[in-house]
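Throughout, a chain's letter reflects where its sequence line sits, starting with A, and its residues are numbered from 1. Just so it is clear, the model here is predicted, and its values are computed rather than measured.
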Amino acid sequence: MPVESSDLLADLTFPQQEAVTHFEGPLLILAGAGSGKTRVITRRVAWLLKQGVRPSNILAITFTNKAAGEMKNRVNDLVPGNRVWISTFHSLGARLLRQYGERIGLNRDFTIYDTDDRTKIVKQSLEAAGIDNVKFTPERIGGAIGKAKNQLLTPEKYASTSGDFFTRTVAQVYAIYQKKLRDSNALDFDDLLYIPALTLRLNEELRAELDARFQFVLVDEYQDTNSAQYEITRKLTLDQRNLCVVGDPDQSIYRWRGSDIKNILDFERDFPDARVITLDKNYRSTPAILKAASAVIDHNKQRKKKALLTDNAAGEPVRVLTFDSGLHEANGIALRIKAAVAGNRFAYRDHAVFVRMNALTRNLETAFVQNGVPFQIVKGQAFFDRKENRDVLAYLRLIVNPVDNLSFLRASNEPARGIGKVSLEHLQAYAEANQISLLEASGRLEKIPAIKGKARDGLRLFHKLIAELRETLESPPEDIIRNVLDQSGYRAMLKASGEDDDIDRLANVEELITSAMQFAAEDGTRTLRDFLEQITLASDVDSWDEQQNCVSVMTLHAAKGLEFPAVYIVAMEQGILPGERSLANPEDVEEERRVAFVGMTRAMKELYLCNSRMRDFRGQTLFAIPSMFLDELPDDVERLDQGAHGGRSPAMDQWRSGPREARSAWGDLGHKPLPAAIPFAGTNNPDADTYEKGQLVQHEQYGIGTISDVNGYGALRKIKIRFATSGEKTFIASKVKLKVVTKK
DNA sequence: CTAAACACTGTTTTT
DNA sequence: CAGTGTTTAG
């Protein structure tokens, strides 16, 4: 049922109405956390439509595909049957390139390479350039190339500005890398912005055409745009200056990815006649939560002071929970959530647990499983990143884009067809020399005598297989996947093995079929190419299933834009949040503080900030210092020591109330910019060098154990202890707290 | 050419 | 610790 214009505004506040009904000309909406920004943009799109703006003249950019989908739905509820373009910058880039790519000599069947693919191509490029024993990792070089593209630097331009050894190396690789992508008819993530941005800059005809087409442009999360995205936005709004951007400088958390907070801060410089509307009333959180979040973000020096106001009723105080270990922490959270559900205070789905790093989800996973708490870990790519799925996807990519050499290399010998490294090198050499794709080369084996025996047969088979599969290119995606599984022998391979892992893998590839089926069912026009694109451009939150009644576990970055009644933030410790790599640089610490701020402001009713005295980190147990952000909280937060109650060993008590000097030494360390993982000066265990193999010792957490191995000296000395109950663990000798029970 | 055993290494955050 | 790359044996 279509809605009247007035209804679009009825439940909005005055500033929100102003933002919605601003018609032409530039508009900047500074929207604090929880101020109803999504609702405003959605209404604005609907309102524009009601004013008679044609749907095809509106372009709305969101930060995730999920947000785009939701906005599409909501706009559709308000104004059914519209065809407004709503997408992320990356999807927009892909869409524009598919549609207009031919004008700039791009084949529309291009493959989109993800970061893993990028690394592989960089590796190949390094080899091709004859650079081998360089200490720059392919990841780092790939990152530099990505950064160059974000700044719209072509290989030539980059080369002309590069000075030191690293940038010169990157420049060399960049050119080769780009050629390899072209040869494979592939684009990487950054190309999806870089190429459209450059095209808009250089091709005035196309630029003017698109500018005229997109009369109204809206960009959400504008504080997280990078230079390429900025360029695209600007170039689309030169003639039709109806640009509306929405954002909050305090929630800029993608600087590491090239986002430039200046884009939003300088909007009024770019558009001096811009209307600026501030939305600072918060409709989401309790006063206590806002007070805590404000107190933290206020510590940022590079920031315009800004208050968060609310009329919401007072609620529970914000709580800081301190645990003895990461496992206790996870367990404590699980128990609290269980209690809240049992007490009918919340449902499982009302809870979210945020982590700074994906590695931190491990403990939570164990604890939730043990306590029978239903949960989902929101991590989009995890499923498609599984080896078996990537294998199948390589086939699919090759079917869509037969010159995709990277996918050829991946698929050709999976399952094993006797095609080894050496044969592939011959094949690559021939393809290179004749400027053809690997697939085409594999159809000319008679010209490559160096490939013989099993490899030759295997390649011939593979070539034929792909040719046959390509015949079915127009079939529904799920049928093609089934064909791939059947005809390639991939399913047979998994079935034959009968190992547990392979049964799982089989289930996963079957799941891939289901996923393709669902994807195609949503819209009958969707092709295999669309399916592949959707997978590669999917963000972590895109996989989030709101329907399920379970606790959501996700990174703080993925949490942006969401809200939950009860929020837990895990591991608020120096070196984690703020992250280790940011501690040296005040600007980076400020970004970490914004990350914390984003997490805190997701909470509607209850907010729990957790930290632990000890943290298991890459196999080692380390002492952890509470996050500096916890010290920045107002006095009225409730600080609860969860280690002080139940379930601990007597040894732990003894240690806690132990020698004053040792404990104050921790305190003295305070919040110096020291990564938590570095062995601390002044805390050295005097016994460190005396431990030897075979000694019986007692650990404050794990109890009695035998030293099973010792190596290194001083700060590097490590000891392995086999515990009676918890297996073998490794510790840094100078930091572990042990009591020697018996000498050897 | 493959598979299995081993050594090494490196660690945020993501489209 | 895990994931990757390298070596080795079949």
Starting at [atom1] of [X], measure out to [atom2] of [Y] and round the result to the nearest 0.5 Å.
X	Y	atom1	atom2	result
Arg118(A)	Ser125(A)	CZ	OG	12.0 Å
Tyr222(A)	Ile261(A)	OH	CD1	12.5 Å
Ser227(A)	Lys149(A)	OG	NZ	15.0 Å

Looking for any heavy atom pair under 4.0 Å, which part of the strands does [X] touch: base, sugar-phosphate only, or nothing?
X	value
Gly579(A)	nothing
Val422(A)	sugar-phosphate
Ser91(A)	nothing
Asn413(A)	sugar-phosphate
Ala359(A)	nothing
Ile419(A)	sugar-phosphate

Base-pairing string, 5' to 3', of DNA chain C - Watson-Crick or wobble, under 3.5 Å, | interstrand: ||||||||||

The side chain of [X] lies closest to which of these nucleotides: [options]?
X	options	result
Thr115(A)	dT15(B), dT2(B), dT13(B)	dT15(B)
Tyr254(A)	dT15(B), dC1(B), dT14(B)	dT14(B)
Asn358(A)	dT14(B), dT15(B), dC1(B)	dT14(B)

For nucleotides 4-10 of chain C, print each protein N/O atom paired with a nucleotide N/O atom at under 3.5 Å, atom names and distance only.
from   : atom 1 : to        : atom 2 : distance (Å)
dG5(C) : OP1    : Lys123(A) : NZ     : 2.5

Most 5' of Lys454(A) and Thr64(A) on DNA chain B, judged by nearest nucleotide: Lys454(A)

5' precedence on DNA chain B between Arg257(A) and Gly420(A) (nearest-nucleotide basis):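 Residue closer to the 5' terminus by nearest nucleotide: Gly420(A).
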
Test of ring centre spacing under 6.0 Å for Tyr177(A) and Tyr113(A):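 Between Tyr177(A) and Tyr113(A), the centre distance exceeds or equals 6.0 Å.
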
Tabulated below should be each protein N or O lying under 3.5 Å from an N or O of nucleotides 3-11 of chain B; please produce it.
from    : atom 1 : to        : atom 2 : distance (Å)
dT11(B) : O4     : Arg618(A) : NE     : 3.1

Heavy-atom pair with the smallest gap, counting every atom of Ala624(A) and Ser612(A): CB-O, 3.4 Å

Nearest heavy-atom neighbours spanning Leu537(A) and Ala94(A):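 The pair with the smallest heavy-atom distance is CD1-CB, 4.3 Å.
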
Trp256(A) ring over dT13(B) six-membered base ring, under 5.5 Å and 30°: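 The ring of Trp256(A) is stacked on dT13(B).
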
Nearest-angstrom distance from the residue atom [atom1] of [X] to [atom2] of [N]:
X	N	atom1	atom2	result
His557(A)	dT13(B)	NE2	P	9 Å
Arg362(A)	dC1(C)	CZ	C1'	8 Å
Leu622(A)	dC1(C)	CG	P	14 Å
Leu556(A)	dT13(B)	CG	P	11 Å
Glu591(A)	dT13(B)	CD	C1'	9 Å

P spacing across the pair dT4(C) / dT13(B), given as an integer number of angstrom: 15 Å

Between His426(A) and Ser423(A): side-chain donor-acceptor atoms closer than 3.5 Å: no

Gln223(A) and Glu221(A): side chain donor to acceptor below 3.5 Å: yes

NZ/NE/NH1/NH2 to OD/OE distance under 4.0 Å, Arg410(A) and Glu414(A):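 Glu414(A) and Arg410(A): not salt-bridged.
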
Asn401(A) side chain to Ser184(A) backbone, donor-acceptor under 3.5 Å: yes

Arg98(A) side chain vs Phe110(A) backbone, donor-acceptor pair below 3.5 Å: yes

Criterion side-chain hydrogen bond (donor to acceptor under 3.5 Å, both in side chains) against Asp588(A), the qualifying member of Arg581(A), Arg593(A), Arg255(A): Arg255(A)

Side-chain N or O of Ser539(A) closer than 4.0 Å to phosphate OP1/OP2 of dT15(B): yes

